[in-house]
Amino acid sequence: PLDQIAKKIRESRRIAITSHLRPDGDSLCTSMALASAAELLNKEAAVINKDKTPYPFRLFPDFKKIQIGQIYPQAYDAVILLECADVSRSGQENLDGYFKINIDHHYSNDRYADIDWVEPHVSAVGEMAFSLCQKLGIVFTPQIANNLYCAIVSDTGSFQFSNTTAEAFEICHQLVKAGANPIQISEALFH
C-alpha cells in the first residue's frame, strides 16, 4: 500500500487530509506534516477536521491552517483519513465518491478505503507518515520533522507507554537530525 499511496499522491493535484473525531497529537501533527510534504510536491493540501483542535495544539502557529467542518463533495482528488477505523470515525459526511486513503495503526480498522495501509505494530501514525515521506522523496524540513516528532512523542506518552519501540526511537533520531527540536516540543506539549 505504501507504493500505491505514493503513486496516488503524485497523481493528485488537490488532497484533503482528515483525522478522527476529538483529534489528538498523533493525528493532528501527522496531518500537518503530510500537508507540508504534499506542498513540497506542488500539491494543494487542506487539513479539514470535524472537531476543533484541542489545547495545547491550537496554540501551535501552523495549526491555524486547520479548517474545521466538512470536506465538500468533489473538491479534491483524494482524501487521506488518519486513524479512522471507519469513515464515520472522521465525522465527515461527504466522502462517498471520493478516492479514500486509509492510514492507521490500530487493530480495529475496518479496511474500508480504496487504499488501506494499517500497521498495528507501529506506535504512531506519525511513524507511517515518516515512511511515506521517504517513499515520496521528501527532504525533511525542520517543520515536517517537528510535526512528526511531536506525533510520535504524543502517542507514546513521551516514550513512556508500552507501544514505544526501537523503531520509534530510530525514527525520532532521524527527525532530530533533520531539525526537530525535542526541547521545544516537550515544552509545548507538557509544560
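Throughout, numbering of the chain's residues begins at 1 and tracks the sequence.
Contact annotation: the side chain of P23 never approaches that of F57 to less than 4.5 Å [non-hydrogen atoms, C-beta and beyond]. Side-chain atoms of L132 and I9, non-hydrogen and from C-beta on, do get closer than 4.5 Å to each other. A 4.5 Å side-chain heavy-atom check between I138 and L41 finds at least one atom pair inside the cut-off. In this structure, W117 and L2 have side chains that are in contact, with non-hydrogen atoms separated by less than 4.5 Å. Annotation: side chain of D114 is not in contact with side chain of K8 (no heavy-atom distance under 4.5 Å). The closest side-chain heavy-atom distance from S123 to T164 is not below 4.5 Å. Using a 4.5 Å cut-off on side-chain heavy atoms (C-beta onward), R111 and V118 make contact. Looking only at side-chain heavy atoms (C-beta outward), F140 and L148 come within less than 4.5 Å of each other.
Linking Ile, Leu, Val, Met, Phe, Trp and Tyr whenever their side-chain heavy atoms come within less than 4.5 Å puts F159 and M128 in one cluster. Following chains of ILVMFWY side-chain contacts shorter than 4.5 Å, one can reach I68 starting from L28, so the two form part of one hydrophobic cluster. F169 and F161 fall into different hydrophobic clusters, defined by Ile, Leu, Val, Met, Phe, Trp and Tyr side-chain heavy atoms under 4.5 Å apart, directly or through other members.
In this structure, I183 places its CD1 atom where only 12 or fewer heavy-atom neighbours from other residues, nucleotides or ligands lie under 6.0 Å away. With a 6.0 Å radius and a threshold of 12 heavy atoms from other residues, nucleotides or ligands, K100 has its NZ atom above the threshold.
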Note to self: Please determine whether side-chain contact (heavy atoms from CB on, under 4.5 Å) holds for the pair K7 and D3, giving the CA-CA distance in whole Å, both sets of side-chain angles, and the decisive distance to 0.1 Å.
What the structure shows: CA-CA 6 Å; K7 182 176 186 284; D3 291 330; over 6 Å; no
Next item on the list: Mind running side-chain contact (heavy atoms from CB on, under 4.5 Å) on I15 and I101 for me, showing each step along the way?
Entry: CA-CA 10 Å; I15 299 166; I101 299 169; over 6 Å; no
Next item on the list: Walk me through it: do N181 and N146 pass the test side-chain contact (heavy atoms from CB on, under 4.5 Å)?
Entry: CA-CA 6 Å; N181 186 328; N146 262 330; 3.9 Å; yes
Next item on the list: May I have the step-by-step check of side-chain contact (heavy atoms from CB on, under 4.5 Å) for D24 and S154, ending in yes or no?
Entry: CA-CA 8 Å; D24 60 8; S154 293; over 6 Å; no
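Contact record, L136 with R10: CA-NH2, 3.6 Å, taken as the closest heavy-atom pair. Considering all non-hydrogen atoms of both residues, H20 and S27 come closest at NE2-OG, 3.5 Å. Smallest separation of non-hydrogen atoms from K135 and A6: CG-CB, 3.6 Å. A pairwise comparison of heavy atoms in G91 and K50 identifies O-CD, 3.6 Å as the closest pair. Across every non-hydrogen atom of I152 and A168, the tightest pair is CG2-CB, 4.1 Å. In plain terms, the two heavy atoms of V176 and Y149 that are nearest each other are CG2-CE1, 3.8 Å.
The CD atom of E127 lies 11.0 Å from the CD atom of E170; values are rounded to the nearest 0.5 Å. A distance of 13.0 Å separates OG of S90 from CD of E83, quoted to the nearest 0.5 Å. Interatomic distance, E44 CD to S12 OG, rounded to the nearest 0.5 Å: 11.5 Å. The line from SG of C150 to CG of L175 is 11.0 Å long, rounded to the nearest 0.5 Å. Atom OG1 of T53 is separated from atom CE of M32 by 8.5 Å, given to the nearest 0.5 angstrom. Interatomic distance, CG of D62 versus OG of S36, reported as 6.5 Å (0.5 Å rounding).
Grouping Ile, Leu, Val, Met, Phe, Trp and Tyr by side-chain contacts under 4.5 Å, direct or through others, leaves L21 on its own. Annotation for L81: hydrophobic cluster partners, listed by chain and number, are I48, I71, Y76, V79, V87, L95, Y98, Y112 (ILVMFWY side-chain heavy atoms under 4.5 Å, direct or chained).
Between the side chains of N109 and N102, at least one donor N or O lies within less than 3.5 Å of an accepting N or O. A side-chain N or O of N49 and one of S19 form a donor-acceptor pair less than 3.5 Å apart. Looking only at atom types and distance, the side chain of N163 has no donor-acceptor partner in the side chain of H105 under 3.5 Å away.
Partners of R22 under the salt bridge (Lys or Arg N to Asp or Glu O under 4.0 Å) rule, at least two apart in sequence or in another chain, do not exist in this structure.
A distance-only check finds a donor-acceptor pair linking the side chain of Q92 to the backbone of G69 [under 3.5 Å]. Side chain of K65 to main chain of V47: no donor-acceptor pair is present (N/O by atom type, distance under 3.5 Å, no hydrogens or angles). A donor-acceptor contact shorter than 3.5 Å links the side chain of Q70 to the backbone of E93. The backbone N or O of Y72 sits nowhere less than 3.5 Å from a side-chain atom of N94 that would complete a donor-acceptor pair.
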